[in-house]
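As structure tokens, the structure follows; a few thoughts come after it.
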Amino acid sequence: MQKRNFKFSLEIFPPKKDSDIKTIYDTLDELKDLNPDFISVTYGALGSLNNNKTVKIASDIKNQYGIESVAHLTCVGLKKNDCDIILNELKNNNVKNILALRGDLVPGIELGDFKYANELVSYINEFGGFNVFGACYPEGHLEAASLDEDIYNLKNKVDCGVKSLITQLFFDNKHFYKFQKMALEKGITVPIEAGIMPITNKKQIEKMSNTCGASIPDSVQLLLDKYGDNPEQLREEGIKYAVEQIKDLINHGVYGIHLYTMNSPYIAKKIYEQIKHLM
């Protein structure tokens with residue numbers, strides 16, 4: 001792996017249907033050429049033992065493609081016994097990285113044995129043998145009373161053993177810079193990778209923004225209004241916006257860029273081609 005000026009990583013998600021599993025490997029066949037520092041695999045299903053696709057894909061990324069992988073693990077529906085099974089599977093397959101998450105609350109699905117992500121972080125570290133990542137929110141978690149309170153809670157999670165952070169999506173870099181400054185002032189010194197989601201689908205972006213509390217700046221709203229009914233043009237304009245966002249982050253010395261690929265090699269490769277000279 002060549003040395004870069006910043007970390008560059010990708011995120012994919014397992015297909016919902018077993019019949020679609022081939023598509024994820026077709027995607028990986030193309031993404032591997034971007035030489036990412038790691039590829040993270042989102043949590044594939046509610047309920048730990050239904051999550052085998054995540055474990056399997058994370059294992060194949062590491063062992064077949066020779067790329068570091070990060071397996072997501074969430075508190076929703078997760079019992080300690082099932083957690084042990086997953087951790088053993090990951091360890092046996094030489095997957096050493098886990099992104100520990102609380103996860104989105106779903107009606108009718110209980111959290112399980114872990115109420116908050118920091119509890120899961122502590123449990124994984126007690127189990128031993130893993131490098132634990134954590135999530136953070138540049139504009140604050142929706143359930144937090146303020147950004148200051150959210151960063152206080154984040155410091156607690158980091159103190160439980162998080163070695164690196166990945167942000168949720170954001171579209172205005174000023175939120176990231178403010179968050180980064182406040183986090184450092186609170187004593188959070190672990191690396192923070194900026195999570196970037198290209199704007200490619202109007203409904204998807206609006207839904208994701210509402211889910212994670214990311215505001216939509218006027219410049220993005222203009223793109224959504226102008227090209228919302230033209231998916232191909234919106235995709236191209238969204239790629240341009242993401243590239244400019246990433247360039248600005250790099251110019252400000254960002255530790256890493258974590259690209260939410262939405263399982264689209266086309267989008268990931270177009271962005272990579274326009275930022276690789278900065279690596």
Side-chain angles (χ1 to χ4, degrees), residues 6-11 36-43 48 51 54-55 58 62 68-76 78 80 83-84 86-87 90-91 95-105 111-144 146-170 175-196 212-214 249 254-260:
F6 59 94
K7 295 287 185 181
F8 177 69
S9 59
L10 307 170
E11 182 167 303
D37 290 284
F38 65 83
I39 298 177
S40 72
V41 187
T42 63
Y43 202 62
S48 57
N51 191 46
T54 296
V55 174
K62 177 65 182 288
E68 283 296 325
S69 60
V70 177
H72 291 210
L73 189 58
T74 74
C75 297
V76 178
L78 185 63
K80 288 182 179 178
C83 185
D84 290 343
I86 291 174
L87 294 179
L90 291 171
K91 183 171 285 189
V95 176
K96 300 177 180 179
N97 305 298
I98 295 175
L99 176 57
L101 305 158
R102 198 281 303 272
D104 296 330
L105 298 179
L111 275 170
D113 290 337
F114 307 96
K115 188 175 182 181
Y116 299 110
N118 68 291
E119 296 175 1
L120 181 56
V121 170
S122 294
Y123 191 83
I124 294 169
N125 279 315
E126 288 172 9
F127 189 93
F130 292 100
N131 178 45
V132 184
F133 289 68
C136 56
Y137 295 76
E139 297 178 66
H141 195 283
L142 281 173
E143 296 174 27
S146 65
L147 178 58
D148 192 69
E149 178 188 280
D150 191 41
I151 293 176
Y152 175 85
N153 293 331
L154 179 63
K155 177 64 164 63
N156 181 34
K157 182 165 66 175
V158 169
D159 288 345
C160 288
V162 167
K163 297 297 189 293
S164 186
L165 294 167
I166 299 173
T167 77
Q168 260 291 4
L169 64 97
F170 59 92
H175 295 302
F176 177 80
Y177 301 136
K178 177 183 177 182
F179 165 80
Q180 196 174 41
K181 181 175 182 291
M182 290 177 66
L184 187 59
E185 289 171 348
K186 288 288 193 298
I188 297 173
T189 59
V190 299
I192 303 174
E193 297 196 31
I196 301 298
C212 69
L249 289 163
V254 70
Y255 171 81
I257 299 295
H258 187 67
L259 188 63
Y260 297 107

For this session: May I ask you to decide if Ser9's main-chain N or O and Asp37's side chain share a donor-acceptor pair within less than 3.5 Å?
Result: no

Exercise. Are the side chain of Asn125 and the backbone of Cys160 linked by a donor-acceptor contact shorter than 3.5 Å?
Worked result: yes

Exercise. Where does the angle between the aromatic ring planes of Phe176 and Phe170 fall among parallel (under 30°), tilted (30 to 60°) and perpendicular (over 60°)?
Worked result: parallel

Exercise. Phe130 vs Phe127 aromatic rings, parallel, tilted or perpendicular, using cut-offs 30° and 60°?
Worked result: tilted

Are [X] and [Y] side-chain neighbours, meaning at least one heavy-atom pair lies under 4.5 Å?
| X | Y | result |
| --- | --- | --- |
| Leu73 | Leu87 | yes |
| Ile192 | Tyr255 | no |
| Thr74 | Leu78 | no |
| Val95 | Val70 | no |

Exercise: do [X] and [Y] side chains pair donor with acceptor under 3.5 Å:
| X | Y | answer |
| --- | --- | --- |
| Asp104 | Tyr43 | no |
| Thr54 | His72 | no |
| Glu11 | Thr42 | no |

Problem set entry | Residue of the set Val132, Leu120, Val121 for which side chain to side chain contact (heavy atoms under 4.5 Å, CB included) holds with Lys157 | Val121

Problem set entry | Criterion side-chain contact (heavy atoms from CB on, under 4.5 Å) on Ile196 and Thr167, from CA distance to verdict | CA-CA 8 Å; Ile196 301 298; Thr167 77; over 6 Å; no

Once rounded to the nearest 0.5 Å, what's the spacing between atom [atom1] of [X] and atom [atom2] of [Y]?
| X | Y | atom1 | atom2 | answer |
| --- | --- | --- | --- | --- |
| Leu154 | Cys136 | CG | SG | 6.0 Å |
| Phe38 | Ser164 | CZ | OG | 6.5 Å |
| Cys83 | Asp113 | SG | CG | 9.0 Å |
| Leu99 | Asn131 | CG | CG | 11.0 Å |
| Asn118 | Asn153 | CG | CG | 8.5 Å |

Seminar exercise, completed: With sequence neighbours left out, the residues meeting salt bridge (charged side-chain N to carboxylate O under 4.0 Å, His left out) with Glu143 are Arg102

Exercise. Can a salt bridge be assigned to the pair Glu185 and Lys181 using a cut-off of 4.0 Å between side-chain N and carboxylate O?
Worked result: yes

Problem set entry | ring pair (Phe, Tyr, Trp, His ring centres under 6.0 Å) between Tyr177 and His175, intermediate numbers included | CA-CA 6 Å; Tyr177 301 136; His175 295 302; over 10 Å; no

Which heavy atom of [X] sits nearest to which heavy atom of [Y], and what is that distance?
| X | Y | answer |
| --- | --- | --- |
| Leu169 | Tyr260 | N-CE1, 4.1 Å |
| Gly128 | Lys91 | O-NZ, 2.9 Å |
| Ser69 | Ala58 | OG-O, 2.8 Å |

Exercise. Does Lys186 NZ have over 12 foreign heavy atoms under 6.0 Å away?
Worked result: yes

Problem set entry | ring pair (Phe, Tyr, Trp, His ring centres under 6.0 Å) evaluation trace for Phe133 with His258 | CA-CA 12 Å; Phe133 289 68; His258 187 67; 8.4 Å; no

